[in-house]
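These notes concern the structure reproduced below.
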Amino acid sequence: MENIGIKEEIMGVSELTVMVVIYSGIMTFFLVPFKRHQSNEIKRPITFKESLQHISFHKKAFLALLLLGFLLVAIWFGYEQKVYHFNAHSGYPPISLDSKAIFYMCALLGYTVILYLLLALCISLNISKRKII
């Protein structure tokens, strides 16, 4: 279906890069727990599964989940508003941008999962490099 009259606003590479860096920084801050009374010596190496549990079950991880949910809802309602405005005021046949909204939501979710797994991997590798008692 052809999008008659809707101007597609494509982000430049620099704008997209800035948004990805900011989002990655905020998610990293929310997913990495505070270091409380941790010494450099540990009793045994940490596994990847334990690292996933370590970054999943703390207070700040809930804020990361809230941020992700807010962004997914914002993407969906942003596209719904664009479609409503176009259909209500253009005089052209009705359009639907649901597939584009779902694509962007899946891309954000996929990037977040990759970031989550990379953080867990980095944490487990950093802890395994420490001196084991």
Side-chain angles (χ1 to χ4, degrees):
M1 178 180 280
E2 188 176 333
N3 292 339
I4 303 171
I6 288 193
K7 181 181 179 190
E8 293 296 321
E9 298 174 10
I10 300 174
M11 274 195 238
V13 174
S14 61
E15 295 167 343
L16 186 62
T17 304
V18 168
M19 287 183 65
V20 166
V21 166
I22 290 172
Y23 178 74
S24 299
I26 291 172
M27 288 301 280
T28 301
F29 173 75
F30 285 150
L31 288 175
V32 175
F34 290 123
K35 294 181 182 180
R36 294 184 193 184
H37 311 293
Q38 291 180 353
S39 64
N40 286 336
E41 297 178 354
I42 54 177
K43 296 180 181 176
R44 61 181 176 80
I46 189 170
T47 63
F48 181 68
K49 181 180 176 184
E50 290 172 340
S51 179
L52 285 174
Q53 291 173 348
H54 183 66
I55 67 173
S56 297
F57 301 113
H58 65 281
K59 294 176 184 175
K60 289 192 315 179
F62 179 70
L63 295 173
L65 189 62
L66 282 176
L67 175 66
L68 178 62
F70 173 76
L71 289 176
L72 291 174
V73 168
I75 290 171
W76 180 258
F77 283 122
Y79 274 99
E80 286 298 312
Q81 182 61 33
K82 188 182 236 185
V83 167
Y84 170 76
H85 181 76
F86 180 80
N87 290 339
H89 300 293
S90 69
Y92 291 111
I95 64 163
S96 174
L97 295 177
D98 290 347
S99 61
K100 186 177 271 193
I102 291 171
F103 172 75
Y104 283 120
M105 291 168 68
C106 288
L108 177 68
L109 193 60
Y111 179 74
T112 303
V113 167
I114 290 171
L115 183 65
Y116 174 74
L117 293 175
L118 283 175
L119 283 172
L121 182 66
C122 288
I123 288 173
S124 65
L125 288 176
N126 284 339
I127 291 177
S128 69
K129 287 180 183 177
R130 292 181 188 171
K131 184 179 176 184
I132 299 174
I133 297 175

*Looking at CE of Met19 and OG of Ser24, how far apart are the two atoms once the value is rounded to the nearest 0.5 Å?*
11.0 Å

*Could you tell me the separation between the CG atom of Leu119 and the OG atom of Ser51, rounded to the nearest 0.5 Å?*
8.5 Å

*Answer yes if Phe57 and Phe34 sit in the same cluster of Ile, Leu, Val, Met, Phe, Trp and Tyr residues linked by side chain heavy atoms under 4.5 Å apart, and no otherwise.*
no

_For a quick test of reading the model, state the closest non-hydrogen atom pair linking Ala101 to Ile75 and the distance between them._
O-CG2, 3.9 Å

*Are Val113 and Ile123 joined in one hydrophobic group, where the rule is that I, L, V, M, F, W and Y side chains link up if heavy atoms are under 4.5 Å apart?*
yes

*Please lay out, stage by stage, how Phe30 and Leu65 fare under the test side chain to side chain contact (heavy atoms under 4.5 Å, CB included).*
CA-CA 9 Å; Phe30 285 150; Leu65 189 62; over 6 Å; no

*Glu50 side-chain N/O to Thr47 backbone N/O, donor-acceptor pair under 3.5 Å*: yes

*asked:* Quick one, His54 and Pro33 - any side-chain contact, counting heavy atoms below 4.5 Å?
replied: yes

*Taking Ser124 for its side chain and Leu121 for its backbone only, find out whether a donor-acceptor pair lies under 3.5 Å.*
yes

*Joint hydrophobic cluster, Phe86 plus Tyr84, side-chain heavy atoms closer than 4.5 Å*: no

*Any chance you could lay out the side chain to side chain contact (heavy atoms under 4.5 Å, CB included) test for Leu67 and Tyr23, step after step, and finish with the verdict?*
CA-CA 10 Å; Leu67 175 66; Tyr23 178 74; 4.2 Å; yes

_Hphob cluster co-occupancy, Ile102 + Val73, side-chain heavy atoms under 4.5 angstrom_ = yes

_same_hphob_cluster(Trp76, Phe70) at 4.5 Å side-chain heavy-atom cutoff_ = yes

_How long is the straight-line distance from CG of Leu108 back to CG of Leu71, given to the nearest 0.5 Å?_
6.0 Å

*Answer yes or no: is there a side-chain heavy-atom contact under 4.5 Å between Val83 and Asp98?*
no

*Give me the ring orientation class for Tyr104 and Tyr79: parallel if the planes are under 30° apart, tilted from 30 to 60°, perpendicular past 60°.*
parallel

*Met27 CE to Thr112 OG1 distance, which is reported to the nearest 0.5 Å*: 5.0 Å

*Which heavy atom of Lys60 sits nearest a heavy atom of Val32, and at what distance?*
NZ-O, 2.9 Å

*Just wondering, are more than 12 heavy atoms of other shown residues or ligands nearer than 6.0 Å to CZ in Phe62?*
no

*Mark yes when over 12 heavy atoms from residues, nucleotides or ligands other than His58 sit less than 6.0 Å from its NE2; otherwise mark no.*
yes

*asked:* With a 6.0 Å cut-off (strictly less than), is the heavy-atom count around CZ of Phe48, excluding the residue itself, greater than 12?
replied: yes

*What is the minimum heavy-atom distance between Asn87 and Pro93, and which atoms define it?*
OD1-O, 4.2 Å

*asked:* Working to the nearest 0.5 angstrom, can you tell me the gap between Leu31 CG and Tyr116 OH?
replied: 7.5 Å

